[in-house]
Amino acid sequence: MVPRAHSSLYGRVGLFVCEERPEMADKYIPQEIEPKWQARWEKDDLYRSAPPGAKPKYYILDFYPYPSGEGMSVGHARNYVPTDVLARYYRMKGYNVLHPMGFDAFGLPTENTAIKLKTSPHLLNERYSANYVRQYKLMGLSYDWSRLINTAHDDYYRWTQWIFLQIFKSWYDPRKNAAAPIADLERELSEHGSQAIFDYIDTHAEAVGVATKDTPPVTAQQWNGMNRRERNDYLMNFRLAFRAESVVNWDPVDKVVVADEEVEGGRAWRSGALVEKKVIRQWFFRITAYADRLSDDLDTVDWPEKIVKMQRNWIGKSEGAEVKFEIGGGNLHSPVSDHITVFTTRPDTLWGATFMVLSPEHPLVSEVTTPEQRAAVEAYVAFARGETDEQRTAETKEKTGVFTSGYAINPVNGARIPIWVADYVLMGYGTGAIMAVPAHDERDFAFALKYGLPIIPVIDRPERTAKSLVFPSSVREGFRTELEKAGIEFYAAPVGNVGEGLYVTLHGDEQIDGYVTLMRSFLQPNNWNEIVGAKWLFVFDDSASGGGVQALDSVEADRRILQRCKAIYPPVRDNRTVMEMLNHLPFYRDVLFHAEYGRMINSGSFTGTPGDVARQRVTTWLTERGVGKRRVNYKIRAWLISRQRYWGTPIPIVHTPDGEEALDESELPLRLPDVEHYEPTATGESPLAEIRPFVETPRGRRETDTMATWACSSWYYMRFADPHNDQAPFGQKEIAYWMPVDMYVGGAEHAVMHLLYSRMWTKVLYDLGYVPFIEPFKALRNQGLILSPQKRMDEKGHEFYEKMSKSKGNVITPDEVVAEQGADALRGYEMFISDFEQTVPWSTSGVPGVRRWLERVWRIVLAPEEDRGQPTEFSTRELRRVAHQTIQKYERDLLNFGFNTVVAAMMEFTNALFKARDAGLAGTPEWNEAIDILLRLAAPIAPHIAEELWSRKGHPYSIHQQPFPVVDEAAVKEDEMTIVVQVNGKVRDRIQVPVRAGEEAIKQAALASDGARRFMDGKPPRQVRYVPGRLVNIVV
RNA sequence: GCCGAAGUGGCGGAACUGGCAGACGCGCACGACUCAAAAUCGUGUUCCGCAAGGAGUGUGGGUUCGAUUCCCACCUUCGGCACCA
């Protein structure tokens, strides 16, 4: 086994030792031992999971990859190595471990490559995934390869289709709060009609998502009079997998519809193209029905807080009320509806609703528009429709809108408020119409300022700050002195170019009232002064008629006040509202608007209602009067699953004359046909549409859309439990034993989509009785990204590291690292590189560092007699202590995902062994025990070298079937401890004391220490504090 | 703007519950071995200071005998969301 290339390096020692103990003399050559053991493990099927049994199970899963032609980089291994270490650890701890791998094989990149290379995606899939398997094996990962999954194989997607059908054949019964067979719904409709269901939805705010919006009610009689086609169409409003016409995001580059989740900043996630709007009939999953459970059940999982937040945010639950506004004023009598319903989370601000805004797509826009405004409104609606999402959401975009000239009646005070159309109101959220409360909503505030709409505060500022600007020469002499006397905060500064004014800030109602009194007596004739913020008061000169203090408490007051101001001070004549006038003064800007909860004001009989109960009380009152009710709203939309592409799971539906119908389960799998061409069609239809034998069936035209890959990945983790079952997606025994996944590890980029979809499928399958758990992934962890090792500079001179990518030519592959340094060194460095969750650049000098550690392990195990260093003091007791302390630290850190410190602990242990050797301990029983522990601890991290050394030490194969070492608590205990002596919190000395020493003795020893005496300077200790086992702090 | 994470040597990073800041590794310096180099081994390596000593965990405050750790305010970087009523 003398290596060829290394013989010259090796010569001296090799020749000498080879003759006597050839096995001891070998150098560590991973390139030889790694393939050898990998072949042996594979032959012996060493990592195969046992069938469900009495043993406790541990299911540890990596996010399965999308296999690409580029293969893996060292960045991908950041995910796979730590989970492999855990899998190996749990096996040694006696668990039956499930650690499988598979491929998310369907999807666009492969299809696009196939089109470009004029080859078949089937072929590419096989090639790519085989390459991945090769790379995985190269790294010595202990997957159970007998469970390999490929989602593009028909023995897998058959069951994806099967689950699709179960979802298609279900609806969400809000009364059971669970999915139920669609047949139950049909029965109910034929016996009782839809009344009970809609009544329930109406009175249970959380149930909004169970049926398509605006589904018409039917009576039993109507239902029974429907033909099959009409019934099928009606049921689509309830099915959990349904087809509906909708505006979708169209990616003109990939020629495919993409989901909301796949659009980032108006651009398609994969292709980067600006998405366009298109109306197509599409397949969806009714994930909205599960919104509440998806949100609530997040409480039951051990996931990173960040991911939980992102999911909750995506679901976007908000509680509020729905309020009906009568359409009125003028001669408008709508034949469609006599009211507009708005959704608000702030029913407590209803009295401040001074206008209403409809989304440009709102069906009542043309109803409320008067003839004279029609042209303007239609032009605006056309403009809004033409906008891309990106334009519409552009950050700096100023609000736009147009008045319809129609009015609505605010139900709480009968006020007649104008109805506007503006694109800042989205049709897809709430009811597509809002009541605008400009005093307490930032968007409405901006809009009202721009268009001169009145802004009336109806919620008190919780912090009682008010401001007042005293205009130059608007008050009599002595006012300033009075302010000072009253302790009021103010400063003097020029007001524009009209002279020096006083900028007053008031705190608390008492001070404000005092200020008003003062102002009333000092205000000069033909002047006014305003107090804004905590109170909204205008003090006018009393001598004029109707003078005194006016409050800005209504639209009428706004008009009155403004009129008087204009009369007194003409420069303000162009202002349309008081708020607009105040907004011109920068001094006031931070007190004009607030969105906090607070005491209701200017709200009729509700004035004075405290902020914490206001919402609730108003909602109850609205409900009693029949003009509103509690309502919960979710941001989450139906999950778009259709793709008009070839390379995906075919949707098992036939379009019959009677509507969309399910394939019979016996017809599954519905295979993807082999075809010559699979370029997207010009029309945007799936290429499958052009394959007549596929499309044409005796029952009707086959659905030609395929499913997005999110469907495949929504259940693959369940298939691993029983991957070869051809009777069902999985056996009951297997799923109950293995699921849920105990530890799921992957990148944070799937925080919303994959994890949310998987959770929904799990809940549907749970409701239908196929699985016994409500959450699929008990614990989740995200690994950090690995960046390229090269530092770059951006235009501003900031240094940064870029992501590894083939196009940038900076990819480092596991292949090259393994070839150079071996898989064990790569594994060690993947763990050691950084904190697991941290994004970090790859370091090319890091792997050799770990390699050196492995070399040291090799030497200390095989040839402890060589190269003795300086003799040291090291007892057998200490050796045992280090060994057992290492076991402790290793387990504690490993279970906390502290992989880097696990490796560090192993390095320290190895260093200690060298010291022990120098002290002459090699060969003692304690030494042999320590070496045994070292190898067992190394096994999960560096499985090849551990196996090789284990075998060379004469132990029976395999180390990977050995139990994990058990901590000897007695050995761990120290006999002596080092106590730090501090004087006034600064370390001044260290003393050695026996562990058993009492507190008093230790304190005395500390006081007597040289360091302490020197720094106490002869002063008596004021306090002596002892922290057990750690330190003594002497305070003087 | 909102939400989240993080700021510690030349670098990656440690420090479990408030108790020795800088474990472990990289890099660097010096030394040993060598004709020499590589490899290996040893020693040192936060900063200032010859030293005694002092300063020091993004900044400024606070709590405490004692703060990288807790509290308040702020700055910077990264990630996510973004007109969601």
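The chains referred to below are lettered A, B, ... by the order of the sequence lines, with proteins before strands, and numbering in each begins at 1.
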- prompt: Checking all strands, does A/R851 fall into the base, sugar-phosphate, or nothing category for heavy-atom contacts under 4.0 angstrom?
  reply: nothing
task: Tell me the partner of B/rU8, counting only Watson-Crick (N1-N3 plus N6-O4 or O6-N4) or G-U wobble (N1-O2 and O6-N3) with both under 3.5 Å; none if nothing fits.
output: none
task: Could you please name the option among B/rC20, B/rC65, B/rG4 that lies closest to any side-chain atom of A/V987?
output: B/rC20
statement: Of the listed B/rA85, B/rC65, B/rC24, the closest approach to the A/I434 side chain comes from B/rA85
- prompt: For A/R988, which contact category applies under a 4.0 Å heavy-atom criterion: base, sugar-phosphate, or nothing?
  reply: sugar-phosphate
B/rC2: pairing nucleotide in any strand, Watson-Crick or G-U under 3.5 angstrom: B/rG80
query: Hey, is the side chain of A/R852 poking within less than 4.0 Å of OP1 or OP2 on B/rC26, counting only N and O atoms?
result: yes
Check: A/F897 ring centre within less than 6.0 Å of A/F899 ring centre: yes
message: Taking any heavy-atom pair under 4.0 Å as a contact, classify A/Q982: base, sugar-phosphate, or nothing.
response: base
Separation between the C1' atoms of B/rA32 and B/rG25, rounded to whole Å: 23 Å
message: Counting the atoms with a prime plus P, OP1 and OP2 as sugar-phosphate, which does A/D444 contact under 4.0 Å by heavy atoms, base, sugar-phosphate, or nothing?
response: nothing
- prompt: Is the glycosidic angle of B/rG27 within 90° of 0, making it syn, or outside that range, making it anti?
  reply: anti
- request: Quick one: label A/G316 by what it contacts on the DNA or RNA (base, sugar-phosphate, nothing), any heavy atom closer than 4.0 Å.
  value: nothing
message: Just to be sure I understand the rule, does A/I833 reach a base, reach only the sugar-phosphate, or reach nothing, if contact means heavy atoms closer than 4.0 Å?
response: sugar-phosphate
Euclidean distance for P, B/rA23 against B/rA14 (whole angstrom): 13 Å
- request: Please state whether the phosphate of B/rG25, meaning OP1 or OP2, lies under 4.0 angstrom from any side-chain nitrogen or oxygen of A/N911.
  value: yes
Note, A/V857 side chain near A/Y28 side chain (heavy atom, < 4.5 Å): no
statement: With the side chain defined as heavy atoms from C-beta on, A/F832 is closest, among B/rG12, B/rA85, B/rG66, to B/rG12
- request: Would you indicate which nucleotide in B/rA23, B/rG80, B/rC83 comes nearest to any side-chain atom of A/M310?
  value: B/rG80
statement: Result for 5'-nearest mapping on RNA chain B, choosing between A/V1027 and A/V850, is A/V1027
- prompt: Taking the six-membered ring of A/Y597 as reference, does the NZ or CZ atom of A/R346 fall below 6.0 Å from its centre and within a 45° cone about the axis?
  reply: yes
message: Taking the P atom in each of B/rU57 and B/rG9, what is the distance between them to the nearest angstrom?
response: 10 Å
- request: Could you tell me which nucleotide pairs with B/rG53 by Watson-Crick or G-U wobble geometry, both distances under 3.5 Å, or answer none if nothing does?
  value: B/rC48
- line: Taking a pair to mean Watson-Crick or G-U wobble geometry with both distances below 3.5 Å, B/rC65 pairs with B/rG19
- request: Kindly point out which of B/rA21, B/rA85, B/rA14 is positioned nearest to the side chain of A/D835?
  value: B/rA14
- prompt: So, A/K973 and A/E969, do they make that salt bridge, N to O below 4.0 Å?
  reply: no
query: For B/rG4, does either OP1 or OP2 sit under 4.0 Å from a side-chain N or O belonging to A/K309?
result: yes
- prompt: Is the cationic atom of A/K915 (NZ for Lys, CZ for Arg) positioned less than 6.0 Å from the six-membered ring centroid of A/F874 and within 45 degrees of its normal?
  reply: no
Gap in Å between the two P atoms, one belonging to B/rC75 and one to B/rC24, rounded: 38 Å
- line: Of B/rA85, B/rC83, B/rC65, the nucleotide closest to the side chain of A/D423 is B/rC83
task: Run the ring-centre check on A/F447 versus A/W420 and record whether the distance is less than 6.0 Å.
output: yes
- request: Mind calculating the distance between CG (A/L1031) and C1' (B/rU64) to the nearest angstrom?
  value: 14 Å
base_contact_polar (B/rC83 base, A/K399 side chain, donor-acceptor, <3.5 Å): yes
task: Between B/rG10 and B/rC28, how far apart are the C1' atoms? Round to whole Å, please.
output: 8 Å
message: Taking only side-chain N and O atoms of A/T901, does any of them lie within less than 4.0 angstrom of OP1 or OP2 on B/rC24?
response: no
- prompt: Is a side-chain N or O of A/Y829 found less than 3.5 angstrom from the main chain of A/G849, in a donor-acceptor match?
  reply: no
field: Pairwise C1' distance for B/rA21 and B/rG13, with rounding to whole Å
entry: 13 Å
- request: Tell me what A/N900 touches on the nucleic acid: a base, only sugar-phosphate, or nothing, going by heavy atoms under 4.0 Å.
  value: sugar-phosphate
- prompt: Would you say a side-chain N or O of A/R859 is under 4.0 Å from OP1 or OP2 of B/rC41?
  reply: yes
message: For a quick check of understanding: with a heavy-atom distance under 4.0 Å over all strands, which category does A/N896 fall into, base, sugar-phosphate or nothing?
response: nothing
- prompt: For B/rC30, which nucleotide in any strand shown is its Watson-Crick or wobble partner with both distances under 3.5 Å?
  reply: B/rG42
message: Counting only heavy atoms from other residues, nucleotides and ligands, does the tally under 6.0 Å from NZ of A/K803 exceed 12?
response: no
message: Rounding to an integer number of angstrom, what distance separates B/rU45 and B/rG60 when you compare their C1' atoms?
response: 32 Å
- prompt: Across all strands, who's sitting opposite B/rC74 as a Watson-Crick or G-U wobble pair, both distances under 3.5 Å?
  reply: B/rG58
task: May I ask you to verify if any side-chain N or O of A/S834 is less than 4.0 angstrom from the OP1 or OP2 atom of B/rG13?
output: yes
C1' gap between B/rA73 and B/rA85, integer Å: 32 Å
query: Taking the nucleotide of RNA chain B with the closest heavy atom to each, which residue, A/S845 or A/G428, is nearer the 5' end?
result: A/S845
